[in-house]
Amino acid sequence: MIFFSELWTFIGGAASMLLILTWLGKIIIEKKVDSKFTERIEKHRHDLQMVADEANFEYQKRIHSFTLYASERHTVYPALYRQILFAHSKVLSLRGLRTLLTFEEFNKADIENYMVQRELPNGVREEILEHWETEQQFLSVRKLRSYLSMLEKQEAEYELAKCRGKYYEDELFLSGEVSIKINEFLSKLLDLNLRYQYPEDDERVENREIIRELGVMLEEMKTKMQEELSLS
């Protein structure tokens with residue numbers, strides 16, 4: 001009986017020990033699992049934070065770039081539009097109603113000062129002054145007007161080329177629609193300038209239509225520029 005009693009006591013103690021060891025093992029395993037799970041959660045959280053920081057950096061960079069872009073556009077649009085207007089006026093001034101000097105009341109000193117202000121070459125000035133205040137003064141007036149006309153054509157071509165260069169320089173900051181409108185306008189203005197430089201018969205009606213179209217295109221261009229500037 002004592003043997004069996006001791007046996008049961010031993011078995012009971014072993015069972016208790018086994019339960020305790022099982023319970024401790026479960027706790028240890030759960031802690032390891034919790035630790036790994038927590039580690040994975042922290043790593044995942046860290047990765048998400050890195051992605052968020054990178055996305056925020058890209059966002060801030062784009063906002064900064066857009067701000068600089070919009071700021072530059074506010075500088076580019078007015079300057080380019082001003083150059084377009086100037087080139088347009090230079091070409092239109094080659095024809096139509098213009099106020100021309102008669103030079104009738106100019107003496108030699110007056111006409112010489114005028115030619116110096118217009119930066120005429122010395123040789124041209126000497127040829128014109130040669131017959132001034134003589135019976136052949138009309139020849140000098142004719143020669144002067146011819147030379148001034150040539151200068152006006154050169155100035156129109158220069159302003160057109162300058163405007164085209166400005167357009168290419170600023171094209172990066174233009175919207176696609178504004179860029180197309182400007183390019184089409186300058187192409188048509190160039191066509192009108194060539195018609196004025198090398199006139200042919202029966203072009204007046206066509207030229208008037210081109211002038212009308214240029215006016216419409218200019219107004220559409222201005223409206224689109226104003227719209228984009230108001231949004232940026």
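In this chain, numbering begins with 1 at the start of the sequence shown.
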More than 12 heavy atoms of other groups within 6.0 Å of Arg204 CZ: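 12 or below, so no.
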Other residues, nucleotides, ligands: >12 heavy atoms within 6.0 Å of Glu209 CD: yes
If you round to the nearest 0.5 Å, how far is [atom2] of [Y] from [atom1] of [X]?
{"X": "Glu72", "Y": "Asp170", "atom1": "CD", "atom2": "CG", "value": "8.0 Å"}
{"X": "Ile182", "Y": "Cys163", "atom1": "CD1", "atom2": "SG", "value": "8.0 Å"}
{"X": "Lys153", "Y": "Glu157", "atom1": "NZ", "atom2": "CD", "value": "9.5 Å"}
{"X": "Ser149", "Y": "Gln154", "atom1": "OG", "atom2": "CD", "value": "10.0 Å"}
{"X": "Lys224", "Y": "Leu229", "atom1": "NZ", "atom2": "CG", "value": "11.0 Å"}
{"X": "Leu94", "Y": "Ser89", "atom1": "CG", "atom2": "OG", "value": "10.0 Å"}

Distance-only polar pair, side chains of Arg164 and Asn183, donor-acceptor under 3.5 Å: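 A pair is found: one side chain offers a donor N or O, the other an acceptor, under 3.5 Å apart.
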Side chains of Arg125 and Asn122, donor plus acceptor under 3.5 Å: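 Looking only at side-chain atoms, Asn122 and Arg125 do form a donor-acceptor pair, the distance falling under 3.5 Å.
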Determine whether [X] and [Y] fall in the same hydrophobic cluster, where Ile, Leu, Val, Met, Phe, Trp and Tyr are linked whenever their side-chain heavy atoms lie under 4.5 Å apart.
{"X": "Leu85", "Y": "Leu174", "result": "yes"}
{"X": "Leu172", "Y": "Tyr167", "result": "yes"}
{"X": "Tyr168", "Y": "Ile180", "result": "no"}
{"X": "Ile84", "Y": "Tyr158", "result": "no"}

Of all heavy-atom pairs between [X] and [Y], which one has the smallest distance, and what is that distance?
{"X": "Lys166", "Y": "Gln83", "result": "CB-CG, 4.5 Å"}
{"X": "Ser175", "Y": "Tyr77", "result": "N-OH, 3.3 Å"}
{"X": "Arg73", "Y": "Pro78", "result": "O-CD, 4.0 Å"}
{"X": "Glu171", "Y": "Ser179", "result": "OE2-OG, 3.4 Å"}
{"X": "Glu159", "Y": "Ala87", "result": "O-CB, 3.8 Å"}

Side chain to side chain contact (heavy atoms under 4.5 Å, CB included) evaluation trace for His131 with Lys143: CA-CA 11 Å; His131 300 293; Lys143 185 176 184 64; over 6 Å; no
ring-ring contact (aromatic ring centres under 6.0 Å, His included) involving Phe185 - partner list, sequence neighbours excluded: His88
When you measure from the side chain of [X] to the backbone N and O of [Y], does any donor-acceptor pair fall under 3.5 Å?
{"X": "Arg95", "Y": "Tyr196", "value": "yes"}
{"X": "Asn193", "Y": "Leu189", "value": "no"}
{"X": "Ser146", "Y": "Arg142", "value": "no"}
{"X": "Asp110", "Y": "Asn107", "value": "yes"}
{"X": "Glu227", "Y": "Thr223", "value": "no"}

Hydrophobic cluster partners of Trp132 (side-chain heavy atoms under 4.5 Å): Leu101, Phe103, Phe106, Ile111, Tyr114, Met115, Leu120, Val124, Ile128, Leu129, Val141, Leu144, Tyr147, Leu148, Met150, Leu151
Ionic contact status for Glu203 with Arg195, cut-off 4.0 Å: yes
Basic-acidic side-chain contact under 4.0 Å: Lys108, Glu133: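 Here Lys108 does not pair with Glu133 in a salt bridge, since their nearest N and O are not under 4.0 Å apart.
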Glu177 and Lys181, any side-chain heavy atoms less than 4.5 Å apart: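 Yes, at least one pair of side-chain atoms sits under 4.5 Å.
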